[in-house]
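In what follows, a single structure is set out as structure tokens and then discussed.
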Amino acid sequence: MSSAEYTTTAYRAEIDGLRAFAVLSVVLYHAFPALLTGGFIGVDVFFVISGYLITGHIFASLDQGKFSFLNFFGKRIRRIFPALILVMVSSLTFGWFALMSEEFQQLGQHVAGGAAFIVNFILVGESGYFDTAADTKPLLHLWSLAIEEQFYIFWPVVLWLAWWQRFNLIWVTLLVAVLSFYFNVWFVASKPTEVFFWPFGRFWEMLSGSVLAWLMLYKRDALDRAKMRVDTFIGRAVPLWIVPGKLALTENVMALGGLCLLIYGFTEISSNVPFPSIWALVPVCGAILIIAAGATAWSNRIFMMNPVAVWFGLISYPLYLWHWPILSFLQIVESGELPHRNERILAVILAVILAWFTIRFVERPLRFGHRSVRLKIVGLTGAMFCVGMAGLVISRTDFSESRRLEDLLIKRPGAEHIYGSSSKWYRGKDGWLFLGNAYDNTVAKLKLAHIPLPEDTAREARLFANLAEAAETVNTSVALLIGPNKSTAYPEFLPNKIKPSDRRYVTYFTEQLNAIPNMIVVDPVEDFLRAKAGSGLLYYRTDTHWNDKGAFRAFSTLAERMGWPVPEVSFEAGELHRGDLIAISELHDFPVAVGDNWEIGWGSNPDLEIMSLPSLPKTSFDRAKIVINKAPLSEQTVWVIGDSFTNALAHYIDATFKEVRYLGHWKSNLRTLPEELISSEEKPDLIIVVRVERSF
């Protein structure tokens, strides 16, 4: 059998074992994220396997003059469609009984995107400050399948055109892989969401497998000779226990090294690091080494080719499809709370059972065999089209009158925190809209339905203590400004059914944060409550944020505590303001009135020079940047990390200090800021952290 025939036709049990490692790492990460912090890199292992197998088939078919697009895509349809259709239909069915109106609409949109294999682009469009939590998107995981299918559409066409024009296929492969890797590394900091979900930053992972496939097809003999020479050299150097030519030492080292890389990635990589970036080289290189080592390597025989690993590898595709909707729906039913460990264990077991049933009774009958092949392909294509159209119709249908909480067959514990027809928003009195419980359990925290666990408050305290301690070593002060929720500052406009607690949820955290040396915690809520009667509205009626006057009130309170000067400003009534809650609620005809929007009048206009920092990602409060004030009230330099409440606050920070650096969102920067501060050549005089109350 030729090397080409071996690579494209011989069954590779170690690849099924590698699939098992990949899918189980993803499942464990989703079910028990603290247990395997880097388990999500199993998706990258799948990408390498796909690139290796698919491109190997295309190379060999082109070489033999037998490549057919119809045959290629027909096989992909029979492989991908059966389990995917079943999972999407099952998700829609369960969603009908468990999801409220906007949740069911979003599921329909994701089904439509999944059927068209564009859900990764939809998820990029959804990302933002008020996006629904990822854990409550039952078809979120289809982003990786979309990227694979986009690769299957794009790459065969490119290779066929290159072959037709007699270009060197390996050089074309390397060129596209390098461009994709460059896109990934260059933009991962400034566009992390796009790089994660877009195919352009992921194709290099599949193309890494493609390069390996080319080497195994056309340079296998040279590779075998090189490995033999290495084995012989080492055997002569260590003759006591290695017999030259008898032990495939190089292959064993490759396989064991690949396994160690995967284990390192599963345990050391986490969601806190930019990804893919260069970190993706860990799973990619690990997978390549394991595949290249082959079936003779000792660790592959033990870990990849044992019956358990091979069995999980055979059900890996449907297991990947089933596990996430089950876990996600479980969390939705629990009203966004992480389900109990035992429930998650049962969810994983159920996913394994459903995966086996899918393989046995759905995939095998439709995928294999030579009878009625065209009928199967046409039927599956038609079924996928129908499912996609059903999702599209659902996404554009208003279910607000028929899919209220009380109408759902499946009830949710803690559903009393969902007020009205939506978990995302609710109406208050006198034209006010408020953020619903879907975002950070806002209503539950407002009512103090539960208190934070000690480990939660301790974790937050450690983060800020690390920052304050690092800042103290370089003579930098730290200030935390908390932006009170609108419902906290204006409880009188809440619906009668929502009764705020006398004690605020955030105070469980501030009690510990106030004890941290070298850090001042400022919560201006009492100042807001005293001042709001005579100052005019400090928050927008139809927005989640404070307005410019409210931001100035908060900055003034912070400045008084810190001993800073305050810019001289005045306020005049501004134009009508249609806030973000109108977009969230889709109440596009909701009436708005004057009185909650203000125009700033400066006593002395700040003379500012602004420089963007394109290497850092855009945040919910604008692009990362440096602002230099040519006529500052204070000569201090400041670093700022925050959330969207920083947007209005920035006017007054910029007008006060000599230099201000906006370094991004606190979620992504708070953990790493101490190290950045220590290593920075220019130390700031002050660090300001801005954080909305509901985020605690």
Side-chain angles (χ1 to χ4, degrees), residues 88-116 118-119 121-140 142 325 328-329 331-333 335-336 385-412 415-439 442-443 495 497-498 540-544 576-592:
M88 291 198 297
V89 170
S90 300
S91 297
L92 283 176
T93 303
F94 188 87
W96 175 259
F97 298 108
L99 299 183
M100 297 178 65
S101 176
E102 77 281 350
E103 297 168 335
F104 195 54
Q105 285 180 308
Q106 185 180 69
L107 178 63
Q109 184 181 33
H110 291 172
V111 166
I118 58 170
V119 73
F121 293 108
I122 292 174
L123 291 169
V124 171
E126 288 178 352
S127 64
Y129 193 66
F130 291 111
D131 182 27
T132 305
D135 292 342
T136 56
K137 294 181 178 181
L139 296 181
L140 174 79
L142 296 189
S328 181
F329 276 121
Q331 184 148 335
I332 289 171
V333 171
S335 297
F385 176 80
C386 291
V387 172
M389 289 303 298
L392 185 62
V393 170
I394 289 170
S395 70
R396 298 184 177 184
T397 303
D398 183 8
F399 297 96
S400 58
E401 295 301 319
S402 61
R403 308 211 53 76
R404 295 168 299 184
L405 192 63
E406 56 270 22
D407 299 323
L408 300 181
L409 181 63
I410 298 175
K411 304 303 180 183
R412 306 181 186 179
E416 65 273 11
H417 307 313
I418 300 175
Y419 177 78
S421 62
S422 173
S423 62
K424 295 182 179 180
W425 59 274
Y426 58 91
R427 295 174 186 257
K429 301 173 183 176
D430 299 338
W432 284 64
L433 292 175
F434 291 92
L435 205 58
N437 201 61
Y439 301 107
T442 303
V443 179
K497 290 185 178 181
I498 297 181
Y540 299 110
R541 295 183 185 90
T542 60
D543 204 298
T544 52
L576 291 173
H577 180 80
R578 297 182 60 83
D580 56 10
L581 279 163
I582 290 180
I584 291 172
S585 64
E586 298 185 359
L587 298 174
H588 302 299
D589 296 328
F590 192 82
V592 294

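Only heavy atoms go into these numbers, but all of them, side chains included; no hydrogens, no water, no symmetry mates. In this text, all values refer to a predicted model and were calculated from it rather than measured experimentally.
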Distance col, row I118:CD1 vs H110:NE2, nearest 0.5 angstrom, shows 11.0 Å

Tightest non-hydrogen contact, residues D135 and S328, listed as O-OG, 2.9 Å

Could you tell me which non-hydrogen atom of F97 sits nearest to which non-hydrogen atom of L408, and how far apart they are?
-> O-CB, 3.7 Å

Evaluate the side-chain contact (heavy atoms from CB on, under 4.5 Å) criterion for residues L587 and L433: first the C-alpha distance (whole Å), next the side-chain angles of each, then the deciding distance (0.1 Å), finally the verdict.
-> CA-CA 10 Å; L587 298 174; L433 292 175; 4.2 Å; yes

Pair V124-F121, side-chain contact (heavy atoms from CB on, under 4.5 Å): steps then yes or no | CA-CA 5 Å; V124 171; F121 293 108; 5.7 Å; no

Say you draw a straight line from CG of D398 to CD of Q105; how long is it, rounded to the nearest 0.5 Å?
-> 6.0 Å

Measure the shortest side-chain to side-chain distance between E126 and K137 over non-hydrogen atoms and say whether it is less than 4.5 angstrom.
-> yes

For V89 and V387, run side-chain contact (heavy atoms from CB on, under 4.5 Å): C-alpha distance rounded to whole Å, both residues' side-chain angles, the deciding distance at 0.1 Å, then the answer.
-> CA-CA 7 Å; V89 170; V387 172; 3.7 Å; yes

Of all the heavy-atom pairs spanning E103 and S423, show the shortest one and how long it is.
-> OE2-OG, 3.7 Å

What's the shortest heavy-atom distance between V443 and N437, and which atoms?
-> N-OD1, 3.0 Å

In terms of the angle between their ring planes, are Y540 and H577 parallel, tilted or perpendicular, with boundaries placed at 30° and 60°?
-> parallel

I582 and H588: which non-hydrogen atoms are nearest, and at how many Å?
-> CG2-CA, 4.1 Å

Any side-chain heavy-atom pair from I584 and L435 closer than 4.5 angstrom?
-> yes

Do R541 and V592 have side-chain heavy atoms sitting under 4.5 Å apart?
-> no

Measuring from L392:CG to F385:CZ, what's the distance to the nearest 0.5 Å?
-> 9.5 Å

Between Y426 and F434, how do the two ring planes meet: parallel, tilted or perpendicular, split at 30° and 60°?
-> parallel

Is there side-chain contact between L99 and I332, with heavy atoms separated by less than 4.5 Å?
-> yes

Should S91 and L139 be marked as a side-chain contact (heavy atoms from CB on, under 4.5 Å) after you check the CA-CA gap, both sets of side-chain angles, and the distance that decides it?
-> CA-CA 8 Å; S91 297; L139 296 181; 3.7 Å; yes

Would a 4.5 Å heavy-atom cut-off, applied to side chains only, mark L142 and M88 as touching?
-> yes

Correct closest heavy-atom pair for R427 and P495 would be O-CG, 3.1 Å

